2 protein chains.
Amino acid sequence: MDIKVAIFEDGKLIRDALQTILNGTPGYACTGAFSNGGNWEADIRRSQPHVVLMDIEMPGLDGIELTRLITQKFDTIKVLIQTVFDESDKIFRALCAGASGYILKNDPPNKYLEAITEVHNGGSFMNASVAKKTLSFFTHKNIILVSPEGTDFHLSEREKEILKELTEGQPLKSIAAKLFISLETVRTHVKHIYSKLHVANRTEAVMKATQQGLNK
Amino acid sequence: MDIKVAIFEDGKLIRDALQTILNGTPGYACTGAFSNGGNWEADIRRSQPHVVLMDIEMPGLDGIELTRLITQKFDTIKVLIQTVFDESDKIFRALCAGASGYILKNDPPNKYLEAITEVHNGGSFMNASVAKKTLSFFTHKNIILVSPEGTDFHLSEREKEILKELTEGQPLKSIAAKLFISLETVRTHVKHIYSKLHVANRTEAVMKATQQGLNK
DNA sequence: CCCAAAAATACCCCAACGGGTGATTGTTTT
DNA sequence: AAAACAATCACCCGTTGGGGTATTTTTGGG
């Protein structure tokens, strides 16, 4: 079965060229080519693509947002982002939007096909210079990883509230005053928090909280 | 001119195999092969490599730290990290250490040569499945980037050592035991840390430490 | 070489914290 | 209706941690 590809690209020249290449190559089929994301949901439903080729720069709804929307709504569809690539901060946002690959607009057609096949097979594709930019982004930075909804610790609202205060370094006494409850009550909540987070002291709780994104 | 490669790899079999391949291929030369990073600086100076092939898992000084040291000290040397790849958390830390490429240990020799050439030419190389893992980091985690050299708090070595333990949630008593000094001494160091970081308690110190990347 | 500053070491006091146990009241789930 | 959970408060007790003070060792500049 052909790999069905949908194109989002505002430049008519490139769009048509890509469409021609895809339809002229055995194993690939372009089932849709669109100049903007204004009607993306209907467009996707009609063209039923396996892979979306996405221009990062588009008028109106931009490619990054569109990527996010598509990957959220249709989780089997892979998005391959193409870019001309000067601004490197966009890469970072694009990476987070859930794309499966990054390719440059001046890559040769065979790279395009290779990349499409790779992401369709569940892999990833990164142009070497995209990889370079990505790596340089990380180089010599400190990174804190936060699991978004990795595990749910079933903290109650009150407990979350108190955990937040704990991460601020507030002593229990102050927390009690701020929340208009007894110190003993705070202590009880804190004990419950520790047991739910499987930690033994405040520091471990605070660390776990920030790493799991609970401190908000 | 041949591309000069140094190898850090604790497994003798793989190390010898790589060395043989490199020396047996025109255009490449292995100028050093080491089983650990114990003597890395002298090793690097003697072998004068263009590219370092680094095992991520090594006894003693681990590949990630070694990568950081090498890329900081010798900024023209490119590091290509090889991994067997089960633990995906390490990838992320490795990304931050300044490597130029990532390759899998079961990649075929020609991939190794390709990767070495690519990074030597100033590019980057990422095995497709490494790229996939990297991308999935972005899509499934929240990421906090921290500038490495924000402010220097002039912590002494001992103080940094203790701060690291503090962030682990170790009680002062355990820290004392681990460092073979008195509990009272640990206390004093901790107080100095607090005053240098302008914080009043352990929690604030731990927060500041992680946000500033001091916890390593 | 000497002295001052920084670092590392150490001790005491008391407030803060963590563990255990238990109790009351209201809500939610079964 | 019973059981589970949430939020509140209380007491005991031993441990940990923060503030003040002080001595020795190391280090760097004059």
Side-chain angles (χ1 to χ4, degrees), chain A residues 149-216, chain B residues 41 69 73 148-216:
Chain A
E149 20 207 327
T151 341
D152 188 2
F153 294 98
H154 305 105
L155 294 182
S156 73
E157 284 309 307
R158 199 55 152 174
E159 285 162 354
K160 287 179 191 166
E161 204 173 353
I162 287 176
L163 178 53
K164 178 176 157 291
E165 299 294 327
L166 286 179
T167 62
E168 315 263 331
Q170 297 293 331
L172 304 192
K173 196 202 290 184
S174 311
I175 299 177
K178 184 167 180 180
L179 301 184
F180 305 106
I181 56 181
S182 146
L183 168 64
E184 294 305 320
T185 304
V186 177
R187 280 158 54 63
T188 304
H189 285 306
V190 169
K191 284 175 223 176
H192 290 159
I193 292 170
Y194 290 171
S195 105
K196 287 184 181 178
L197 296 189
H198 304 293
V199 298
N201 57 52
R202 189 188 188 126
T203 303
E204 287 177 10
V206 164
M207 285 284 92
K208 198 148 196 167
T210 58
Q211 277 160 17
Q212 308 287 139
L214 270 31
N215 53 341
K216 290 185 304 319
Chain B
E41 197 161 347
L69 291 168
K73 190 100 181 184
E149 12 209 339
T151 332
D152 189 2
F153 295 96
H154 304 106
L155 294 181
S156 75
E157 284 309 307
R158 199 56 153 174
E159 285 161 353
K160 287 178 193 167
E161 206 172 353
I162 288 175
L163 179 53
K164 177 175 157 294
E165 300 294 329
L166 285 180
T167 63
E168 315 263 335
Q170 295 295 329
L172 304 191
K173 193 202 289 184
S174 312
I175 301 177
K178 184 167 180 180
L179 302 183
F180 304 105
I181 55 181
S182 145
L183 167 65
E184 300 306 323
T185 304
V186 178
R187 272 202 224 298
T188 307
H189 284 305
V190 168
K191 279 178 266 186
H192 290 157
I193 292 170
Y194 291 171
S195 104
K196 287 184 181 178
L197 297 190
H198 305 292
V199 297
N201 56 52
R202 188 187 187 127
T203 302
E204 288 177 9
V206 163
M207 288 281 93
K208 197 150 196 164
T210 58
Q211 278 159 18
Q212 306 286 333
L214 270 30
N215 52 342
K216 287 184 306 334

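This one's a predicted model, so the numbers in the text were calculated from it and none came from an experiment. Below, all heavy atoms of this structure are taken into account, side chains as well, without hydrogens, waters or symmetry copies. Below, chain A is the first sequence line, B the second, and so on; all start at residue 1.
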J.: Out of D/dA10, D/dG18, D/dT8, which has the shortest distance to the side chain of B/V190?
T.: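 Closest nucleotide to the B/V190 side chain: D/dG18.
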J.: Write down the distance between CD1 (A/I193) and P (C/dG18), rounded to a whole number of angstrom.
T.: 11 Å
J.: Round to a whole Å and report the spacing from CD of B/E184 to P of D/dG17.
T.: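 Interatomic distance, CD of B/E184 to P of D/dG17: 12 Å.
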J.: Does B/K191 put a side-chain nitrogen or oxygen below 4.0 Å from OP1 or OP2 of C/dA7?
T.: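 For C/dA7, OP1/OP2 do not have a side-chain N/O of B/K191 under 4.0 Å.
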J.: Just the rounded figure in Å: distance from C1' of D/dT15 to CZ of B/R202.
T.: 13 Å
J.: From C/dT21, C/dC12, D/dG18, pick the nucleotide closest to the side chain of B/N201?
T.: D/dG18
J.: Taking any heavy-atom pair under 4.0 Å as a contact, classify A/L172: base, sugar-phosphate, or nothing.
T.: sugar-phosphate
J.: Take atom CG of A/L166 and atom C1' of C/dC17, then tell me their distance rounded to the nearest Å.
T.: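 Atom CG in A/L166 sits about 11 Å away from atom C1' in C/dC17.
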J.: Regarding B/S156, tell me which of base, sugar-phosphate or nothing describes its non-hydrogen contacts under 4.0 Å with the strands shown.
T.: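 Sugar-phosphate, no base atom in range.
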J.: Base, sugar-phosphate, or nothing for A/K173, non-hydrogen atoms under 4.0 angstrom?
T.: sugar-phosphate
J.: Could you tell me how far apart A/L155 (CG) and D/dA6 (P) are, to the nearest whole angstrom?
T.: 9 Å
J.: CD1 of B/I162 versus P of C/dA10: gap in Å, rounded?
T.: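 B/I162 atom CD1 is separated from C/dA10 atom P by 11 Å.
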J.: Please, which pairs that meet salt bridge (Lys or Arg N to Asp or Glu O under 4.0 Å) have at least one residue in residues 187-204 of chain B, sequence neighbours excluded?
T.: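 Qualifying pairs: B/E159-B/K196, B/E184-B/R187.
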J.: Rounded to whole Å, please give me the gap between NE2 in A/H189 and P in D/dA7.
T.: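 Between P of D/dA7 and NE2 of A/H189: 6 Å.
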J.: Does any part of the side chain of B/V206, heavy atoms only, come nearer than 4.5 Å to the side chain of B/L163, both counted from C-beta?
T.: no
J.: Among C/dA8, C/dG20, D/dA6, which nucleotide sits nearest the side chain of A/R187?
T.: C/dG20
J.: Assign each of A/E157 and B/G169 to its nearest nucleotide of DNA chain D by heavy atoms, then name whichever residue's nucleotide is nearer the 5' end.
T.: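 Checking each residue's closest nucleotide, the 5'-ward one belongs to A/E157.
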J.: Any sub-3.5 Å donor-acceptor pair from A/K208's side-chain atoms to A/L197's backbone N or O?
T.: yes
J.: Looking only at side-chain N and O atoms, does A/S182 come under 4.0 Å of OP1 or OP2 in D/dA10?
T.: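 For D/dA10, OP1 or OP2 has a side-chain N or O of A/S182 closer than 4.0 Å.
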J.: Among C/dG19, D/dG18, C/dA7, find the nucleotide with the atom closest to the side chain of B/Y194.
T.: D/dG18
J.: Are the side chains of B/V190 and B/L166 in contact, using a 4.5 Å heavy-atom criterion?
T.: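 Touching, per the 4.5 Å side-chain cut-off.
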J.: For A/T185 and D/dC9, is the shortest distance between a side-chain N/O and OP1 or OP2 below 4.0 Å?
T.: yes
J.: Report yes if the side chains of B/L172 and B/I175 come closer than 4.5 Å at any heavy-atom pair, otherwise no.
T.: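 Sidechains of B/I175 and B/L172: in contact.
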J.: Rounded to the nearest angstrom, tell me the gap between atom NE2 in B/H154 and atom P in C/dA5.
T.: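 Between P of C/dA5 and NE2 of B/H154: 17 Å.
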J.: Measuring from the side chain of A/K196 (C-beta onward, heavy atoms only), which nucleotide among D/dA7, D/dA6, C/dA10 has the closest atom?
T.: D/dA6
J.: Do the charged groups of B/R158 and B/E161 touch, with an N to O distance under 4.0 Å?
T.: yes
J.: Quick one: the side chain of B/T188 and the base of C/dA10, do they pair up donor-acceptor inside 3.5 Å?
T.: yes
